[in-house]
Amino acid sequence: MNKPIRKAVLPVAGLGTRFLPATKAVPKEMLTIVDRPIIQYVVDEARAAGIEHIVFVTGRNKHVIEDHFDMAYELEDTLRARNKAAALELLEKHRPQPGSTSFTRQQAPLGLGHAIWCSRDIIGDEPFAILLPDVIIKSKVSCLRQMVDLYEKTGGNIIAVEEVPDDQTHQYGIVELAEQINDKSSRISNMVEKPAPGTAPSNLMITGRYILQPEIFDLLSSQGQGAGGEIQLTDSMISLMSNQSFSSLKFEGRSYDCGNKPGFLSANIAFGMDDPALAQELVPFMQEMLQHPVAAE
Ligand code: G1P
């Protein structure tokens with residue numbers, strides 16, 4: 001019987017320099033996709049996978065994330081007085097239970113591996129999930145839920161992967177696959193973080209969703225700098241591969257890398273199109289933009 005995945009770590013300490021000046025006072029995770037901040041999509045995905053406790057690894061200027069997942073007493077009281085039941089229900093639906101979130105600070109921007117290591121005491125000795133909040137995933141079934149379903153069969157460590165064009169492999173962690181487990185999953189035989197152009201072992205990128213065993217923390221505590229001079233999670237996973245199994249999952253759904261502008265804008269369109277009333281206005285607008293991009297100004 002595999003130990004259940006109860007906790008998830010969301011590293012949210014990044015500076016968001018690609019979105020300046022928007023991210024000068026507002027954390028990049030609070031930028032909005034239609035009507036929800038990016039981080040809300042990721043928390044909703046984790047909760048849909050049965051996650052009971054979310055650990056946010058934050059940094060300076062990120063306190064608004066903590067406020068976002070708290071009860072907004074004055075706002076809710078005013079909504080109640082005005083009989084705004086639907087708005088109240090919406091806030092309630094997206095708010096984690098009291099006591100089901102933790103916040104710890106990374107203190108120095110030493111890399112993703114270091115950010116995850118900062119959660120070690122709160123996670124303790126149990127397998128856990130990691131969701132990188134730059135990436136949001138549009139799918140019928142929560143991507144992490146799909147991973148938990150696989151984990152319940154295979155145990156070990158699970159990494160969500162998807163194909164990227166060959167000329168983009170150097171921007172990501174890339175996995176190399178061994179034998180198939182089923183049509184969506186294989187054993188992972190190797191990984192490399194940000195391979196130099198032309199040297200990637202495949203075009204399957206690490207999407208930013210992981211289920212890992214707690215032994216990763218020991219490895220992270222002594223992990224040296226890797227790609228980009230940062231302490232890389234991928235490097236410690238490679239060490240862990242020598243005595244634990246890693247399986248890939250080609251999840252059903254589509255990811256949007258909201259850490260860059262094309263991904264962020266595409267996500268706004270894709271999630272906007274989900275709302276029939278919005279789609280009705282968006283479709284003619286996009287058609288007009290495609291035909292007369294300048295005239296639509
Ligand atoms: C991180 C991981 C990388 C992964 C990527 C997904 O890189 O280190 O393996 O492919 O997220 O977005 P970063 O985007 O932080 O450079």
Side-chain angles (χ1 to χ4, degrees), residues 8-19 23 27-29 31 33 38-39 41-42 45 56-59 62 106 108-119 129-138 143-144 147 157-177 188 190-197 199-212 216 219-220 223-241 246-251 253-264 266-267:
V9 181
L10 275 56
V12 291
L15 293 176
T17 44
R18 283 189 220 157
F19 281 89
T23 47
K28 62 175 175 174
E29 297 81 9
L31 298 181
I33 306 294
I38 293 171
I39 190 76
Y41 288 85
V42 182
E45 179 191 332
F56 296 86
V57 180
T58 73
K62 300 282 183 163
Q106 191 184 3
L110 300 179
L112 175 61
H114 178 259
I116 301 306
W117 177 76
C118 292
S119 69
I130 300 170
L131 298 94
L132 304 190
D134 271 353
V135 179
I136 60 175
I137 297 173
K138 196 163 181 301
C143 174
L144 186 62
M147 294 171 71
N157 302 270
I158 313 276
I159 296 181
V161 299
E162 66 190 308
E163 284 173 17
V164 283
D166 290 341
D167 63 354
Q168 289 178 22
T169 50
H170 66 285
Q171 298 170 18
Y172 299 101
I174 301 292
V175 301
E176 189 175 350
L177 301 184
I188 296 175
N190 197 13
M191 297 176 218
V192 47
E193 182 65 22
K194 315 247 162 60
T199 67
S202 78
N203 65 343
L204 284 175
M205 74 160 230
I206 298 174
T207 301
R209 300 292 185 268
Y210 313 74
I211 288 176
L212 295 180
I216 194 77
L219 296 163
L220 285 171
Q223 183 64 55
Q225 293 174 344
E230 298 191 342
I231 297 173
Q232 295 289 356
L233 176 63
T234 304
D235 293 340
S236 288
M237 294 197 298
I238 293 168
S239 305
L240 190 56
M241 275 175 61
F246 275 73
S247 310
S248 64
L249 176 69
K250 282 187 190 169
F251 58 95
R254 178 167 174 178
S255 74
Y256 294 88
D257 186 351
C258 296
N260 62 55
K261 288 175 195 171
F264 174 76
S266 305

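In listed order, ligands and their atoms are each counted from 1. Keep in mind that what you see is a predicted model, and the values were worked out from it rather than measured.
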Does Lys194 have any salt bridge (charged side-chain N to carboxylate O under 4.0 Å, His left out) partners at least two apart in sequence or in another chain, and if so, which? none

Do Ser255 and Glu162 have a side chain donor and acceptor closer than 3.5 Å? yes

Set of salt bridge (charged side-chain N to carboxylate O under 4.0 Å, His left out) partners for Glu176, sequence neighbours left out: none

Identify, with sequence neighbours excluded, every residue that meets side-chain hydrogen bond (donor to acceptor under 3.5 Å, both in side chains) alongside Thr234. Glu193

Just by modelled atom types, is the Leu132 backbone N or O under 3.5 Å from a matching donor or acceptor in the Arg209 side chain? yes

Among Thr17, Asp134, Thr23, exactly one meets side chain to side chain donor-acceptor pair (under 3.5 Å) together with Lys28. Which residue is that? Asp134

If the criterion is any heavy atom closer than 4.0 Å to an atom of ligand 1, which residues make the list? Leu112, Leu132, Val135, Tyr172, Gly173, Glu193, Lys194, Ile206, Thr207, Tyr210, Gln232, Thr234

